[in-house]
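Notes for the one structure printed next.
We use all heavy atoms of the structure for the numbers below, so side chains are in, but hydrogens, waters and symmetry mates are not. So that the names make sense, note that chain A is the first sequence line, chain B the second, and so on, each numbered from 1.
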Amino acid sequence: MDLYEYQAKELFAKHGVPTQPGKVVTTADEAFNAATSYGVPVVIKAQVKTGGRGKAGGVKLAQNPAEAREKSEQILGMDIKGHTVLKVLVTPAEDIKEEYYASILVDRSQRKYLAMLSLAGGVDIEEVAAKTPEKLAKVLLDPLTPLSQQQAIDLAQRAGLSDSLHQSFADLFLGLWRVFSEEDALLVEVNPLALIADGRLVALDGKVTIDDNALFRHPEDAAFADAATVDPLEERAHEKGLHYVKLDGDVGVIGNGAGLVMSTLDVVSYAGESHGGAKPANFLDIGGGASAQVMADGLEIVLSDPQVKAVFINVFGGITACDAVANGIVEAVNLLKVQGKELKHPLVVRLDGNNAELGRDILRKANIPGVELVDTMDSAADRVAELARKAA
Amino acid sequence: MAVWLDSRSRIIVQGITGAEGLKHAKRMTNAGSVVVGGVTPGKGGQSVDLGSASVPVFNSVSEAMAATGANVSVMFVPAAFSRAAMCEAVDAGIPLLVAITEGIPVHDSAFAVSYALASGKTRIIGPNCPGISSPGLSNAGIIPADITGPGPIGLVSKSGTLTYQLMYELSDIGFSTCVGIGGDPIAGTTLIDVLGAFESDPATSMVVMIGEIGGDAEERAADYIRDHMSKPVVGYVAGFTAPEGKTMGHAGAIVSGSKGTAAAKQTALEAAGVKVGRTPSQTARLAREIKR
Ligand SMILES: Nc1ncnc2c1ncn2[C@@H]1O[C@H](COP(=O)(O)OP(=O)(O)O)[C@@H](O)[C@H]1O
Ligand SMILES: [Mg+2]
């Protein structure tokens with residue numbers, strides 16, 4: 001889960017990372033009031049879960065409350081890389097001397113943690129890393145031992161930070177480490193880490209990604225989730241314990257196993273190339289169980305996407321037996337019928353693996369109008385793409 | 001011969017008294033694997049019925065190893081307790097630990113994997129993986145044992161069901177060992193580890209590698225294949241249509257910015273001389289052509 005800047009800064013404050021006060025508001029009038037209460041020039045910052053807000057015009061300086069209102073009006077409702085701005089952060093403007101970059105993240109390939117510092121902050125760090133890698137100091141951290149003061153100072157030295165700032169940087173960076181380790185973060189990034197006029201280092205921006213798998217250790221993090229930006233179908237699927245990702249095509253996809261479902265999306269897209277551009281409407285992994293209830297929940301969610309014109313159920317029975325899946329499909333269609341939801345789109349089913357023949361038999365005997373069995377994954381994808389286009 | 005798992009493998013199940021642990025201990029036994037016991041802290045002294053045999057439960061991995069001569073552990077412990085269970089197995093010095101559990105916090109996996117690497121004794125496969133299977137010899141994990149028989153293909157994959165799909169499509173040729181390394185950001189065994197093992201395994205004459213979006217393991221594997229592999233490798237990458245920034249089922253399957261895309265992985269693999277299939281079935285056909 002990615003956090004908003006203001007949420008990241010809450011965690012910074014909790015762990016002693018110097019940051020600034022701020023108020024999150026949703027209207028220009030509230031921004032006016034917030035600016036009035038600070039009594040100094042403020043910065044109005046779009047709260048969206050993507051970087052480069054500054055460049056996109058989502059970060060603006062306001063000299064007085066009237067300007068704060070005006071700038072907030074411009075920023076609220078703006079679209080930044082597909083994210084609509086619903087909230088802005090009003091925060092005192094700092095007199096910035098220099099902008100640095102600091103981060104700690106999980107380095108998947110080294111299977112360690114990576115700490116980074118660059119004096120060339122403020123800008124797109126990927127560009128710095130690509131064009132002038134010597135300006136990005138890196139230290140690999142062993143997951144078995146917590147970050148030490150000495151490691152933080154080494155990093156400062158390597159990045160060329162002036163000696164007088166080493167101690168305050170180390171203190172700040174140890175705070176970021178606590179955010180990383182104690183909050184189960186996958187990424188903690190500060191860009192810019194600003195050196196301000198009074199000589200202090202302050203986190204002016206913050207990006208934190210929390211490990212969803214660790215939420216059981218951090219029940220308080222539930223407050224970070226925000227319904228406003230979550231797709232309603234994703235929300236409903238999540239409540240039913242299904243892993244569903246909304247895409248924007250017309251072929252609903254249900255499968256078992258993340259890899260197989262990802263592969264199914266690809267195969268549907270390829271098939272779409274010869275069927276008027278049919279595309280997958282969603283990712284839905286029903287996992288190992290595939291009981292009738294899970295299948296019914298899955299079908300119900302996929303079918304409530306108004307864009308869906310046909311559905312592809314692609315199952316390879318490993319532990320899951322295909323006869324159970326077939327029974328699940330039959331019962332799911334019945335369950336939906338009971339709820340008054342007739343099967344309004346064709347269902348293409350491909351079953352292979354454990355008890356596949358039994359499963360196919362069950363579906364043939366059930367003879368449900370609109371349900372078609374196809375032998376292979378590739379030809380089933382082709383058929384479902386064709387059906388989706390016909391219906392469009 | 002096979003890789004890491006063979007007829008000498010003696011398996012214990014961590015979490016054997018849980019529903020999943022018990023179910024799969026039975027399945028492994030039925031498939032001919034030698035399951036010699038299990039571990040559930042606090043339930044030492046009990047025994048569990050695996051159908052054809054009853055096996056003892058121990059309080060710790062070290063007790064289980066001492067009493068049974070186990071050299072493989074398959075772990076079904078709930079995510080919240082997995083770090084402790086993995087570290088315990090490493091402390092006991094088990095040579096192979098297959099971590100099936102899904103949903104382990106990344107910091108816990110990073111710790112346990114580093115702990116195992118530092119021990120120099122334990123290889124962890126997983127977590128969040130289907131396990132390892134050497135058809136006809138032994139099966140440790142949840143890979144169905146009846147999909148394919150033994151043969152010359154080595155298979156390594158980040159995905160469970162895609163593993164099964166390829167095993168099924170190439171079952172007439174057969175497999176030496178199939179290794180599911182799992183779909184988490186941190187894996188105890190990497191694609192490269194498995195490729196290296198297949199390169200030196202006399203029973204393996206070609207390799208099928210199944211990757212997916214996220215991270216750069218496939219790109220690194222491509223470099224390794226170009227520089228170190230003499231055996232042919234056929235590849236598949238899932239997730240061309242995955243949107244940026246969304247986790248696709250596996251915790252590690254995410255395209256971040258321009259990083260971790262399927263297209264980049266395919267390009268890297270092809271540049272290293274790996275034939276990459278567009279679909280699982282086409283990948284099987286490519287493997288078949290090389291076999292011929
Ligand atoms: N409180 C502030 N005072 C002064 N300038 C700021 C403040 N917050 C941000 N800025 C300026 O705006 C730039 C962009 O803001 P930032 O929070 O980094 O957003 P993004 O990274 O999304 O562009 C910063 O590099 C900094 O120069
Ligand atoms: Mg920034």
Side-chain angles (χ1 to χ4, degrees), chain A residues 2 49-51 106 108-109 111-113 126 142-144 180-181 184-187 211-217 243 245-249 255-270 279-280 283-285 287-288 315-320 352-354 376-379 381, chain B residues 24 27 79-80 103-108 110-111 113-115 117-118 130 142-144 146-147 157-165 168 183 185-187 190 210 212-217 220 236 238-243 245-253 257-258 262 278-282:
Chain A
D2 291 339
K49 294 179 178 181
T50 182
V106 174
R108 294 173 59 161
S109 50
R111 295 183 289 183
K112 290 179 190 294
Y113 306 140
E126 285 191 15
D142 179 358
L144 298 178
F180 182 76
S181 60
D184 273 295
L186 304 177
L187 167 74
D211 182 1
D212 293 335
N213 283 345
L215 287 176
F216 69 88
R217 285 203 277 251
H243 201 100
V245 178
K246 172 87 177 79
L247 305 171
D248 56 7
N256 65 329
L260 183 65
V261 180
M262 269 188 270
S263 171
T264 308
L265 304 183
D266 295 348
V267 175
V268 166
S269 299
Y270 299 145
K279 282 198 163 59
F283 169 103
L284 176 56
D285 175 11
V315 168
F316 189 94
I319 304 307
T320 313
D352 258 322
N354 190 2
T376 67
M377 179 164 157
D378 292 4
S379 40
Chain B
H24 290 288
R27 289 182 71 103
I104 300 177
V106 174
H107 285 255
D108 290 4
F111 188 95
V113 166
S114 292
Y115 198 69
L117 290 170
I142 65 173
I143 298 176
D146 55 3
I147 303 179
S157 168
K158 280 182 171 177
S159 148
T161 31
L162 280 180
T163 302
Y164 313 160
Q165 177 74 35
Y168 171 74
I186 302 259
T190 64
I210 304 168
E212 65 189 27
I213 53 164
D216 66 350
R220 298 164 71 86
Y236 177 71
F240 279 84
T241 34
K246 290 272 190 180
T247 305
M248 305 298 273
H250 283 154
S258 58
R278 237 162 94 91
T279 70
S281 302
Q282 201 204 342

Item to complete: Check for a donor-acceptor pair, side chain of His243(A) on one end and backbone N or O of Thr247(B) on the other, with a separation under 3.5 Å.
Response: yes

Discussion item. Run the salt bridge (Lys or Arg N to Asp or Glu O under 4.0 Å) test against Asp352(A) and tell me which residues pass, sequence neighbours left out.
Written reply: Arg350(A), Arg360(A)

Fill in: Contacting moiety of Tyr113(A), where chain B heavy atoms sit under 4.5 Å
side chain

Discussion item. Checking side-chain contact (heavy atoms from CB on, under 4.5 Å) between Thr241(B) and each of Asp266(A), Leu247(A), Thr264(A), which is the one that passes?
Written reply: Asp266(A)

Worksheet item: In terms of heavy-atom pairs under 4.5 Å, which option from Gly103(B), Pro144(B), Pro243(B) contacts chain A the most?
Response: Gly103(B)

Worksheet item: Between the main-chain N or O of Leu186(A) and the side-chain N or O of His107(B), is there a donor-acceptor pair closer than 3.5 Å?
Response: no

Worksheet item: Going by an N to O cut-off under 4.0 Å, is there a salt bridge joining Arg278(B) and Asp378(A)?
Response: no

Worksheet entry | Ser263(A) OG to Phe240(B) CZ distance, which is reported to the nearest 0.5 Å | 10.5 Å

Fill in: Closest-packed option against chain B by number of heavy-atom pairs under 4.5 Å, given Met377(A), Lys279(A), Arg217(A)
Arg217(A)

Worksheet item: Of the backbone (N, CA, C, O) and the side chain (C-beta and beyond), which part of Ala381(A) lies under 4.5 Å from a heavy atom of chain B, both, or neither?
Response: neither

Worksheet entry | Where Arg111(A) and Ile186(B) come nearest, the two heavy atoms and their spacing | CA-CD1, 3.8 Å

Worksheet item: In terms of heavy-atom proximity below 4.5 Å to chain B, should Tyr270(A) be classed as side chain, backbone, both, or neither?
Response: both

Item to complete: Go through the atoms of Phe216(A) and report whether side chain, backbone, both or neither lie under 4.5 Å from a heavy atom of chain B.
Response: side chain

Worksheet item: Which one of Ala118(B), Gly160(B), Gly214(B), Ala79(B) has the most heavy-atom pairs closer than 4.5 Å to chain A?
Response: Gly214(B)

Discussion item. Quick check for you: among Ala217(B), Ala80(B), Gly245(B), which has the greatest number of heavy-atom pairs under 4.5 Å with chain A?
Written reply: Ala80(B)

Practice prompt. Determine whether Met262(A) and Ile213(B) make a side-chain contact, defined as any pair of heavy atoms from C-beta on separated by less than 4.5 Å.
Written response: yes

Item to complete: Please state whether the rings of Phe316(A) and Tyr168(B) are parallel, tilted or perpendicular, taking 30° and 60° as the class boundaries.
Response: perpendicular

Worksheet item: Which residue out of Asp211(A), Val268(A), Leu144(A) racks up the most heavy-atom pairs below 4.5 Å with chain B?
Response: Leu144(A)

Worksheet entry | Closest contact, heavy atoms only, Leu260(A) versus Thr161(B) | CB-OG1, 3.3 Å

Fill in: Most chain A-contacting option - heavy-atom pairs closer than 4.5 Å, from Gln282(B), Lys158(B), Arg27(B), His24(B)
Arg27(B)

Worksheet item: Arg108(A) side chain to Gly252(B) main-chain N or O, any donor-acceptor pair under 3.5 Å?
Response: yes

Worksheet item: Side chain, backbone, both or neither: which part of Asp142(A) has an atom under 4.5 Å from a heavy atom of chain B?
Response: side chain

Worksheet item: Which residue out of Ser157(B), Pro130(B), Ala262(B), Pro280(B) racks up the most heavy-atom pairs below 4.5 Å with chain A?
Response: Pro280(B)

